[in-house]
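Numbers restart at 1 for each chain; the letters A, B, ... are given by sequence-line order, proteins then strands. Atoms considered below: every heavy atom in the structure, side chains included; atoms not considered: hydrogens, waters and symmetry mates.
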Protein chains: 2
Amino acid sequence: MATATLTTRQNIRQTAQKLFRERGYAAVGMRELAKEVGIEAPSIYNHYKSKDDLLREICFDIAAQFFKAFEEVDLNEKSATKKMRAAIKGHVSVIADNMEASAVFFQEWMFLEEPNLAQFKKLRHEYELKFRDIIDKGMKKGDFKTMNLKLVTFTIFSALNATYDLYKTSEKLSPDQIAEDIAGLLLKGLKS
Amino acid sequence: MATATLTTRQNIRQTAQKLFRERGYAAVGMRELAKEVGIEAPSIYNHYKSKDDLLREICFDIAAQFFKAFEEVDLNEKSATKKMRAAIKGHVSVIADNMEASAVFFQEWMFLEEPNLAQFKKLRHEYELKFRDIIDKGMKKGDFKTMNLKLVTFTIFSALNATYDLYKTSEKLSPDQIAEDIAGLLLKGLKS
DNA sequence: CCCCAAAACTAACACTTGTTTGTTTCAAAT
DNA sequence: ATTTGAAACAAACAAGTGTTAGTTTTGGGG
């Protein structure tokens with residue numbers, strides 16, 4: 001059990017992640033959130049500036065984790081195939097380690113208000129470009145078959161980002177195993 | 001121009017599809033919807049019983065289209081590979097022909113109220129089983145490599161259901177071309 | 001013990017939510 | 001020209017929205 005005793009702030013955030021995922025950001029009220037935490041709604045504002053602030057913290061924290069996971073991959077791996085496999089593994093691991101939060105990241109980000117929304121989109125685009133870059137270089141070196149780059153990147157991301165749904169329904173598959181299997185399926189499709 | 005002159009009912013539905021997709025079901029109010037249609041909110045209730053009724057019609061209509069598209073595939077194709085390719089094509093075509101509605105189908109269905117929600121889940125599960133069945137038989141016949149069935153089905157669905165996002169950003173790719181490319185990528189990964 | 005700040009509370013504000021009621025408009029059929 | 005039913009409307013309801021103001025509780029440091 002990593003959960004010793006949560007601070008109220010941590011408790012609010014964790015509960016928000018759960019509720020936002022279960023019922024959607026717009027459908028969850030501050031009073032409902034507060035009740036689940038065990039406090040009154042106004043008390044939340046001692047810890048977060050606004051509802052949007054809460055969503056912002058959740059989304060941007062996951063974004064940072066994706067970038068961090070990728071950084072290690074980019075430094076340690078050389079060939080396009082190995083980089084891709086490692087990137088997929090890192091990405092899936094972040095999702096696996098933050099199931100609720102990453103579900104919010106993927107499904108509720110559009111409720112961010114400006115300027116957070118614009119910054120979020122920018123970050124996400126940067127991250128996608130990193131993946132696309134690996135694939136592009138792999139194609140040019142002949143490791144991967146030449147195909148529509150945008151479509152391929154999209155397909156891969158879609159598959160990866162559904163990992164969350166997989167966890168819910170699946171007979172216990174480990175994150176590593178899921179990452180391995182998805183990587184296997186997709187890389188075989190990429191290979192020239 | 002297929003749009004000769006829409007009935008008010010059709011107008012409401014089409015506008016609802018657009019708004020629900022753009023801003024999410026919970027975030028769209030009846031007054032906002034009405035305004036976009038050019039009427040007052042209470043007038044909507046001359047055409048739909050409730051907000052939920054609107055969502056129900058959108059979601060279940062798309063569901064019916066998926067089933068219809070699959071039916072033809074199942075009758076006309078024989079080998080697992082051909083069936084799979086045709087099923088993917090049919091699925092993507094339904095999305096391509098109903099971009100807004102299918103986006104709502106995939107992202108807003110959880111806002112359905114009971115008993116619609118339960119029925120929707122059941123339908124969706126049935127549809128998934130049809131795909132899984134093709135893959136399963138393909139594996140047993142040796143056309144496809146034996147892998148975790150649930151994971152494979154999930155990965156494929158995830159890729160297919162992101163088609164909508166692809167349309168928005170992509171340099172004009174035809175539905176057929178998208179279906180072809182995705183099918184190519186995924187089937188190669190499946191092949192034994 | 002007292003103080004002070006962090007964090008909880010109650011009450012309220014201004015506004016929006018989906019929906020209902022009762023009435024009026026309007027176009028097609030008699 | 002009159003009837004009729006569909007579809008529009010304005011007004012309102014009860015409940016819920018995020019948030020703020022002002023106050024009380026709480027728990028650790030001097």
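- Between A:Lys35 atom NZ and C:dC9 atom C1' there is a gap of 16 Å when expressed in whole angstrom units.
- Within the 3.5 Å criterion, the main-chain N or O of B:Glu113 finds a donor-acceptor partner in the side chain of B:Asp52.
- Partners of B:Arg132 by side chain to side chain contact (heavy atoms under 4.5 Å, CB included), not counting sequence neighbours, listed by chain and number: B:Leu129, B:Leu149, B:Lys150, B:Thr153.
- For A:Leu54 and D:dT17, the CG to C1' distance is 16 Å, given to the nearest whole Å.
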Assess whether salt bridge (charged side-chain N to carboxylate O under 4.0 Å, His left out) is satisfied between B:Asp136 and B:Lys140, documenting all intermediate values.
-> CA-CA 6 Å; B:Asp136 193 31; B:Lys140 279 170 183 158; 3.0 Å; yes

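- Cation-pi geometry between A:Lys51 and A:Tyr25 is met: the NZ or CZ atom falls under 6.0 Å from the ring centre, inside 45° of the normal.
- Whole-Å rounding puts the A:Glu40 CD to C:dA8 C1' distance at 9 Å.
- Among the nucleotides C:dC9, C:dA7, D:dA7, the one closest to any side-chain atom of A:Asn46 is C:dA7.
- Taking atom CG of residue A:Leu33 and atom P of nucleotide C:dA8, one finds them 13 Å apart after rounding to whole Å.
- Between B:Phe157 and B:Phe131, the angle of the ring planes lies from 30° to 60°, which puts this pair in the tilted group.
- Residue A:His47 places at least one side-chain N or O closer than 4.0 Å to OP1 or OP2 of C:dA8.
- B:Thr8 has no side-chain polar atom (N or O) that falls below the 4.0 Å cut-off from OP1 or OP2 of D:dA7.
- No side-chain donor from either of B:Gln177 and B:Asp181 sits under 3.5 Å from a side-chain acceptor of the other.
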Under 4.0 Å protein heavy-atom contacts per nucleotide of nucleotides 15-29 of chain C, with B for base, S for backbone only and - for none | --BBBB---------

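- Atom CD1 in B:Ile39 sits roughly 9 Å away from atom C1' in D:dA7 (whole-Å rounding).
- Phosphate proximity of C:dA7 to A:Ser43: absent, as no side-chain N or O sits under 4.0 Å from OP1 or OP2.
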